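Notes follow the structure.
None of these values were measured; they are calculated from a predicted model. Each ligand, and each atom within it, is numbered from 1 in the order the structure gives.
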Amino acid sequence: MTAQPITSDTPVSNVDPFSYDVLEDPLPFQAALREAGPVVYLEKYDVYAMGRYAEVHAALTDWQTFQSAAGVGLSNFRYEKPWRPPSLLLEADPPHHDAPRAILSKILGPRELRRLAKSWAADAEELVDDLLAKGTEFDAVTDLAAAFPLRIFPDAVGIPQEGRENLLPYGDHVFNAFGPPNELVAKGAPRVAELSASIAAQCARDVLTPDGFGAQIWAAADRGDITEAQAPLIVRSLLTAGVDTTVNGLAAVLFAFATNPDQWGRLREGPALSRTAFDEAVRFESPVQTFFRTTTRDIEVGGTLIPEGRKILMFLGSANRDPRRWENPEIFDLNRDPSGHVGFGFGIHQCVGQHVARLEASTILNTLAKRITSLEINGPTRRHHNNTLRAWESLPVRVELA
Ligand code: 8QM
């Protein structure tokens, strides 16, 4: 007998959302998911799924019913040993979640970031100057979207030079590992031990510069706000969550502008729109596409009874394009107010690094807006497939200088 939901009229899908075709273009599957109903049972993985904004938003808000502590991937920590020590933030709930969250929220908050804005702007100018000096055709992924975060973020955390090349591959594997054990996970498996050791080495107190986010996390341990055992894992959260996400967030906004030339003109009218543009791109592209939750009790959603202890796959990207919530969701539109999107999640787990991401994005966008009158796609674009991320491998562009 094939696995089936308890409620007999729950819509069932046999599509694999982690298959090659869906990862290449998830939009048709997500539209079908939303149309099928508020909750759909995914036969292949024996899990439930939500693709509509209202239910995704409500579930993210109700952390008591939809817990994170059993893991936010397909694997249920009640039955399977996690492949790495769980994150103290992402894979925890109150009360354990609260102290690490409070510390990061302060260290990564808007007040603290003001300290970094000036030097990041100078770094962005140098990066863009050097790039444009070489020519007006380049790859917006490697030359901008990856280059900028890799130039500033490791320094901001305060990690050593050695091992920085492992940040993106480690993140890529972590985000694959939230999904099923498919070929994307198998591809990463041979390097797991080496990459994990490299990242762990960068979280140690004695390798961190005295002024970075990392040292500030260790200072919280000195004050007794967290334990010394917790500190390196919280540094690890920054290194895991802060690189691939921002790279693909920047790639998303650059792709959106390259394919919507009129919007670039609006951005050039002044720096005020760069933040809206980034959030609209996070809504539009949703670099983090999905996360699971686990039910802590029987719960009825839209007529479907989801029993206690079950995994639910939340489609953030689908919720962010739900026509029930957004007018013309398929249009990248700077006139829209994108706030309320769930691209950073929602509720107590909502991205604690979102101010860092926004500052990185607005810095590079404002720098580009001063130098470039237009950008366009200039060759074949290539997606990078990942079980969780909507990512780019290559975005060849041509720009016109101001
Ligand atoms: C995703 O390790 C972590 O704490 C962590 C890893 C990945 C994320 C968040 C936190 C959502 C960006």
Of all protein heavy atoms, the one nearest atom 8 (C) of ligand 1 is Ala241 CB, 3.6 Å
Atom 2 (O) of ligand 1: the protein heavy-atom neighbour that sits closest, reported with distance to 0.1 Å: Arg84 NH2, 2.9 Å
Compare Phe178, Phe175, Phe344 and give the one whose heavy atom is closest to atom 1 (C) of ligand 1. Phe175
Any atoms of ligand 1 less than 4.0 Å from a non-hydrogen atom of [X]? List them with their elements.
| X | answer |
| --- | --- |
| Ser87 | 2 (O), 3 (C), 4 (O) |
| Ser237 | 2 (O), 3 (C), 4 (O) |
| Phe291 | 1 (C), 11 (C) |
| Thr245 | 12 (C) |

Cut-off 3.5 Å, side chains only: do [X] and [Y] have a donor facing an acceptor?
| X | Y | result |
| --- | --- | --- |
| Ser87 | Arg236 | no |
| Tyr45 | Asp16 | yes |
| Asp93 | His349 | yes |
| Asp333 | Asn328 | no |

Should the pair Arg52-Glu55 be classified as a salt bridge under the 4.0 Å nitrogen-to-oxygen rule? no
Glu327/Arg336 ion pair, N-O < 4.0 Å: no
Could you tell me the separation between the OG atom of Ser286 and the CG atom of Asn248, rounded to the nearest 0.5 Å? 12.0 Å
For ligand 1, the portion of [X] having any non-hydrogen atom under 4.0 Å away:
| X | answer |
| --- | --- |
| Thr240 | side chain |
| His349 | neither |
| Val174 | neither |

Would you please indicate yes or no on a ring centroid separation below 6.0 angstrom for Phe178 and Phe292? no
Work out whether the distance between some heavy atom of Leu89 and some atom of ligand 1 is less than 4.0 Å. no
